[in-house]
Amino acid sequence: MTPRYDLGFRPDIEGLRAAAVLAVLAFHATVPGMTGGFAGVDVFFVVSGFLITGLLLRDISATGRFSLAEFYARRARRLLPAAGVVLLATVAGAWLLLPPLRGRDIAGDVIAAALSIANWRAVAGQTDYLAAERDPSPLLHYWSLAVEEQFYLLWAPLLLVTALLARRLGRGAVPAIAVTVVTLTCASFALSLWWTALSEPLAYLASPSRAWQFGAGALAALLMPYGSRFPRGADRDGPDAGGGRRPRSAAGVASAALGLGGAAAIAWSVVAFDSTTPYPGTAALVPTLGTVAVVLFRSPVSAALSLGPVRALGRLSFSWYLWHWPVLVLAEAALGTQPWPVRLALVLASAVPAALTMRLVENPLRLSKVVTSLPRRGLALGTTAMTVPVAAALLLNGGAVQGAATTAHVTVADVPVTTLQPPPAQARDDFPKSKGCEIGLTATTSPACLFGAPAAKDRIVLIGDSHAGQWFAAAERVAVRRGWALEVLTKPGCPLPRLTVVDPRLGREYHECDTWREYALNRLAAGPPPRLILVASLNAYATDRASLTRAWDSTLHRLTRLGAPLVYLRDTPLPGEDVPSCLSGGPVGDCSFPRDRGLRPDPLAEQIVAGERPGVRLLDVTPLLCPGTAANCPAALDGIVLYRDDVHITDTLAVRLAPRIEQDLEDLDLIPTVL
């Protein structure tokens, strides 16, 4: 006999949504002690899997099937109008408050959010070395909505096909669905563990590695008719037939204990997890199973979550979640980074537009008899709600490109200069002409990467991370003018000093870097000695001078043993902000950055100057890029955009500085003079 699934209205789940959104909001507001508030998203995923699967099982148990059109129309009415309103508001806010190039980025974010692929755009951004350091998108939080919508897109047809096949084979639909859910949940969890170890951003943002949490909620829905959740009267004392008090049943005590334990698990996740917790991985089991326990087992927590004020916040949770992040990001874009009390105030203030959206858009359209009468009307409403923001995003993108181009004519210290080169709209793509040599994230070997005269007996070696790669133009000039070869050995994000670092793109120790460093040094040792070795590296991998010095000891010892002159190119100033984006929005002077922030202490450079690194010479262009003793360093000089992002110089600048680098090397008698 097929069990009957009719979950009815669950006021405690409405309250559970409130707890989840408050955790996320506190985390984004950086409230002290709420470092694991991101676990609130896990709660949302489990609740969605529980409710959606429960609704589908209700129809399947009653009729053997359900209407896909009605299912998608219901989802469209529920989610898309409010999401579309926030997307439109974000477009308007970006146009008013942000530089044109950031507007172009956000236009892409709007389109991805409207197409329900925001999570995959976020994956690309988080794992892309060239984009990972840009300012946060005001729509980054749409990744979770995209994951949820991708789940809806596949889950309903899967259950329907499973039910129909089971019926055709004379089997029970619910057992077949249970087998399917268990299988997919286990497979997704295994994938989540694998991806967490491989690339944490991928595991965190991707729908395949998050599906198991929806599956956990689905399994809870499957268990409901079998008494997993005890009836309301079983967990409290009441009068017996003689007028006395009926003792609390063992089932009620167990239910209360499990429900309280689940709530405690969620709360512990919120305060105990932080950015160093490998996530989702096994850690995500804690809030996931905790949510399942709260959903399944009646406890005092259920009563607390069912209180009117808590439920009111739960009803607001969806719109509030949508609004809080754009309000926070756009406000900080205008005001600068704020302390946590201000961030909290901004997040709380976002409840106002959220409440208006719920009252004027979300509820009227979701409950409208005209819209709900036919599924195609709900689908048309959802399509319109996403199409309008896409059109607005395309307009924003067009305006951003035009704005970035028109602001290229600027002044420095009130003196007119030529059009900035490269123009801000193109500066982000002004990379060195050594494509393919800066190897990828997980690569552990480098290609030949020979330039100049590849067959020449003499060669220059340029080795390090992307801060070495940015000097390709200068190294190539030296090689070409002498008929030498240039060998490039670079790996972005990988320190040349012997340091094991945690890569934010992977969310784990960067073992591939250690392997590549050893490979590169062994490759040089096995080949013919070069005529010159140029070394450069980002000067921000470690703050402890002693450990950084020891790390350089190992690498420089192996390089000096090659017998070639060794030159350390001191790291360039670090602006710490997206320079092309800033330049696209106003005068060059507004994009300068504090000298004390941009010029980091460099123990290796100091040791070379002091004569403590025999065999290593220093080239330092800092006086050229941050001249004088002013409090700020410029973002552009003499019409040249100095930086292509927040840490790398433009190739245009490297080309301009190449003769100076060559002259310095000649003056040090490290290369022959060429007339």
Side-chain angles (χ1 to χ4, degrees), residues 434 437-439 442-451 456-472 474-475 478-479 484-501 503 509-542 544-571 602-620 665 668-671:
S434 55
C437 295
E438 293 190 350
I439 59 174
T442 58
T444 56
T445 61
S446 290
C449 276
L450 291 172
F451 299 87
K457 178 181 178 181
D458 295 320
R459 80 187 193 283
I460 298 173
V461 172
L462 178 64
I463 184 170
D465 59 9
S466 59
H467 287 240
Q470 68 185 0
W471 291 113
F472 171 79
V478 172
W484 297 352
L486 169 62
E487 181 180 8
V488 178
L489 284 167
T490 53
K491 183 174 175 62
C494 179
L496 191 60
R498 192 174 181 180
L499 292 169
T500 297
V501 296
D503 190 285
E509 287 191 351
Y510 197 5
H511 303 300
E512 293 87 348
C513 171
D514 297 332
T515 303
W516 175 84
R517 185 190 308 113
E518 189 67 20
Y519 156 82
L521 295 174
N522 287 338
R523 176 168 138 178
L524 291 179
R531 283 290 299 268
L532 177 68
I533 302 174
L534 299 177
V535 172
S537 181
L538 173 67
N539 185 29
Y541 290 112
D544 179 63
R545 295 175 67 93
S547 62
L548 182 59
T549 299
R550 288 193 300 271
W552 273 117
D553 286 343
S554 173
T555 297
L556 294 179
H557 175 69
R558 296 177 67 174
L559 289 175
T560 54
R561 287 175 59 188
L562 299 176
L566 183 60
V567 177
Y568 173 59
L569 292 162
R570 182 172 183 168
D571 199 15
D602 191 325
L604 178 57
E606 295 168 8
Q607 288 181 324
I608 296 172
V609 171
E612 299 173 5
R613 289 286 184 177
V616 185
R617 312 296 286 272
L618 175 69
L619 284 185
D620 186 1
L665 292 172
L668 291 170
D669 292 327
L670 298 177
I671 57 175

query = Of N539, L538, L496, L569, which meets side chain to side chain contact (heavy atoms under 4.5 Å, CB included) against H467?
reply = L538

inquiry  = For a 4.5 angstrom cut-off between non-hydrogen side-chain atoms, does R517 reach N522?
reply    = no

ask   = Taking atom types as modelled and ignoring hydrogens, do the side chains of S446 and W516 form a donor-acceptor contact shorter than 3.5 angstrom?
value = yes

Gap between atom SG of C437 and atom CZ of F472 - 0.5 Å precision = 7.0 Å

query = Atom CG of L499 and atom SG of C513: how far apart are they, to the nearest 0.5 Å?
reply = 8.5 Å

key: Contacts of R558 that satisfy salt bridge (charged side-chain N to carboxylate O under 4.0 Å, His left out) - sequence neighbours left out   = E518

inquiry  = Using side chain to side chain donor-acceptor pair (under 3.5 Å), reason through Y568 and D620 one step at a time and then give a plain yes or no.
reply    = CA-CA 8 Å; Y568 173 59; D620 186 1; over 6 Å; no

query = Atom OG1 in T500, atom CG in D514: separation rounded to 0.5 Å?
reply = 3.5 Å

task = Report yes if the side chains of R459 and L486 come closer than 4.5 Å at any heavy-atom pair, otherwise no.
result = no

Flag, side chain of T555 to backbone of W552, donor-acceptor distance under 3.5 Å = no

ask   = Is any side-chain heavy atom of L619 less than 4.5 Å from a side-chain heavy atom of R570?
value = no

ask   = Is the side chain of S554 donor-acceptor paired with the backbone N or O of A551 at a distance under 3.5 Å, no angle test?
value = no

ask   = Under the criterion side chain to side chain contact (heavy atoms under 4.5 Å, CB included), which of V535, I460, L532, I671 is the partner of V567?
value = L532

task = Given side chain to side chain contact (heavy atoms under 4.5 Å, CB included), test R613 with T549 step by step and report yes or no.
result = CA-CA 11 Å; R613 289 286 184 177; T549 299; 3.5 Å; yes

ask   = Is E487 salt-bridged to R523, going by a charged N under 4.0 Å from an acidic O?
value = yes

remark   = Nearest heavy-atom approach of S547 to A542 is OG-CB, 4.4 Å

query = Going from CD1 on I533 to OG1 on T560, what distance comes out if it is rounded to the nearest 0.5 angstrom?
reply = 8.5 Å

request  = Answer yes or no: is there a side-chain heavy-atom contact under 4.5 Å between D465 and S537?
outcome  = yes

key: pair L462-L489: side-chain heavy atoms closer than 4.5 Å   = no

remark   = d(E606 CD, D602 CG) to nearest 0.5 Å is 7.0 Å

key: Pairs involving residues 489-498, ordered by first then second residue, that meet side chain to side chain donor-acceptor pair (under 3.5 Å) (sequence neighbours left out)   = K491-Y510

request  = Specify the closest pair of heavy atoms between P492 and I439, including all atoms of both residues, with the distance to one decimal.
outcome  = CD-O, 3.2 Å

message = Ignoring hydrogens, what is the shortest heavy-atom contact between W471 and A536? Give both atom names and the distance.
response = CD1-CB, 4.4 Å

task = Mind checking the CG-CZ spacing from L670 to R531? Nearest 0.5 Å is all I need.
result = 10.5 Å

message = I need the minimum non-hydrogen distance between Y541 and G493, along with the two atoms involved.
response = OH-C, 3.3 Å

query = Quick one: does L559's side chain get under 4.5 Å of L524's, heavy atoms only?
reply = yes

key: T515 side chain to H511 backbone, donor-acceptor under 3.5 Å   = yes

ask   = Partners of E509 by salt bridge (charged side-chain N to carboxylate O under 4.0 Å, His left out), sequence neighbours excluded?
value = none

